[in-house]
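For the single chain, residues carry numbers from 1 onward in sequence order. It should be emphasised that the depicted structure is a prediction, and the values quoted were computed from it without experimental measurement.
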Amino acid sequence: MVYNSFGIFDGLIIPSLRMQFTFACKRKRCSNKNVNSTPLPSCQDEERYKGRFTGLSVEIVDPEQAKSLYDNGCFGKGSKSRGAPESGDEDETLLLGMEESCFLAHYLNVLDITNSAGCFMDFHMFVEVGKEQNDKFVENLASYVYLKSKNWVIKSGIKFGGDFLIYKQSPRLYHASFLVIVQKPGDSDHYQSKNLKGVQRVAETSDKDVLLLTVQAPKDISCPRDLQEATVTETIVRRFNYLTFVQSKQQ
């Protein structure tokens, strides 16, 4: 993987490779200080999670399975709650995003997904549906698997104008550290300085940095293993702060 760091100053992108980079990992002020959970779910007695594709996401109806998936890895969100399915309503379900559903079903192999007709959706079928929804689905999936390999908890970043938000350990304990934007090598929209400044300032208002992932996806992806051919380039986007730069040089 290639790592780059850039700063923005007066509308220009300038390299700041000498500045030591540290990212925010801000703990929440809440009563959930002793939350105990595992980073990934596991099925006991070989019982698999059951999900139903709704056309936009994958729904977990069983309340015990929904709680297990959220408590162990923070997957999904409650259909009537901001985060965990904790509204107390009997008909609340857990909604999984497309990328995390594919990760659970075809990389962790703990989830079975069926469509509205009750037919099992294999990897190829699910990827094709995902690509119909989002022409960047394969790149997003590669980014999701890549970030999971680094132990990040991943949530949707749509409300901040990005693809993902990533957290240390749990959103119950920490605020998001990065707003993640995924792009293909040929995309140039986010590298335009005015767009970068806008995205970065939105993230900065809530103590986040911007992580730009440029993904070169394989030409053909017919099975989960094909995603190993993808390459991911990281670029951290941060406004240049002269005082911080001088202080880091003095240390």
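The main-chain N or O of V215 is never found under 3.5 Å from a side-chain atom of E139 such that the two would form a donor-acceptor pair. Remark: side-chain polar atoms of Y107 are paired, donor with acceptor, to backbone N or O of P224 under 3.5 angstrom. The closest donor-acceptor contact from the side chain of K155 to the backbone of C74 lies under 3.5 Å.
Considering every non-hydrogen atom in both I60 and A66, the closest pair reads CG2-N, 3.8 Å. In this structure, I236 and F178 approach most closely via the heavy-atom pair CD1-CE2, 3.8 Å. Closest heavy-atom contact between L104 and P41: CD2-CG, 3.8 Å. Minimum heavy-atom separation, K80 to E92: N-OE2, 2.9 Å. Here the shortest heavy-atom pairing between L94 and G78 reads CD1-N, 4.1 Å. Closest approach of F75 and P39 over heavy atoms only: CE1-O, 4.4 Å.
Each salt bridge (Lys or Arg N to Asp or Glu O under 4.0 Å) pair with one or both residues in residues 213-231, not counting sequence neighbours, would appear here, but there are none. For residues 82-106, the pairs satisfying ring-ring contact (aromatic ring centres under 6.0 Å, His included) are F103-Y144, H106-F123, with sequence neighbours left out. Listed by first and then second residue, the salt bridge (Lys or Arg N to Asp or Glu O under 4.0 Å) pairs that reach into residues 58-70 are R52-E59, K67-D71, sequence neighbours excluded. Sorted by first and then second residue, the pairs that involve residues 110-119 and meet salt bridge (Lys or Arg N to Asp or Glu O under 4.0 Å), not counting sequence neighbours, are R48-D112, K50-D112.
Atom-to-atom distance recorded for C102:SG and N140:CG is 11.5 Å, nearest 0.5 angstrom. The distance from atom CG of L212 to atom CD of E234, rounded to the nearest 0.5 Å, is 10.5 Å. The structure places CD1 of I181 at 11.0 Å from OG1 of T235, a figure rounded to the nearest 0.5 Å. From N151, atom CG reaches atom NZ of K168 across 11.5 Å, with rounding to the nearest 0.5 Å. Here the CZ-CZ distance, from F126 to F120, works out to 11.0 Å after rounding to the nearest 0.5 Å. Rounded to the nearest 0.5 Å, atoms OG (S81) and CG (D89) are 8.0 Å apart.
Side-chain contact between V237 and V199 is absent, with no heavy-atom pair separated by less than 4.5 Å. The shortest side-chain heavy-atom distance between E47 and Q65 falls under the 4.5 Å cut-off. Here the side chains of M121 and V129 are in contact, with some heavy-atom distance below 4.5 Å. Here the side chains of L40 and V110 are not in contact, with every heavy-atom distance at 4.5 Å or above. Under the 4.5 Å side-chain criterion, counting only non-hydrogen atoms from C-beta, I113 is in contact with S101. Within the 4.5 Å cutoff, side-chain heavy atoms of L173 are placed close to those of R27. A 4.5 Å side-chain heavy-atom check between F53 and M98 finds at least one atom pair inside the cut-off. With contacts defined as side-chain heavy-atom distances shorter than 4.5 Å, the pair S57/L96 does not qualify.
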CA sep, side-chain torsions, deciding dist, call: K136, D187, salt bridge (Lys or Arg N to Asp or Glu O under 4.0 Å): CA-CA 11 Å; K136 260 189 351 183; D187 296 343; 5.9 Å; no
I154 and L165: CA distance, side-chain angles, deciding distance, side-chain contact (heavy atoms from CB on, under 4.5 Å) verdict: CA-CA 6 Å; I154 308 167; L165 293 172; over 6 Å; no
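The side-chain contact (heavy atoms from CB on, under 4.5 Å) check on P63 picks up nothing, with sequence neighbours excluded. Among residues two or more places apart in sequence or in another chain, the side chain to side chain donor-acceptor pair (under 3.5 Å) test is passed with S206 by K208. Residues that satisfy the side chain to side chain donor-acceptor pair (under 3.5 Å) test with D135, not counting sequence neighbours, are absent from this structure. In this structure T114 satisfies the side chain to side chain donor-acceptor pair (under 3.5 Å) test with no other residue, sequence neighbours excluded. Every residue two or more places apart in sequence or in another chain that forms a side chain to side chain donor-acceptor pair (under 3.5 Å) with E204 is listed here: R239.
In the hydrophobic clustering of ILVMFWY residues, with side-chain heavy atoms under 4.5 Å counting as a link, F137 and M125 come out together. Note: the hydrophobic cluster containing L95 does not contain Y70 (ILVMFWY, side chain heavy atoms under 4.5 Å, direct or indirect links).
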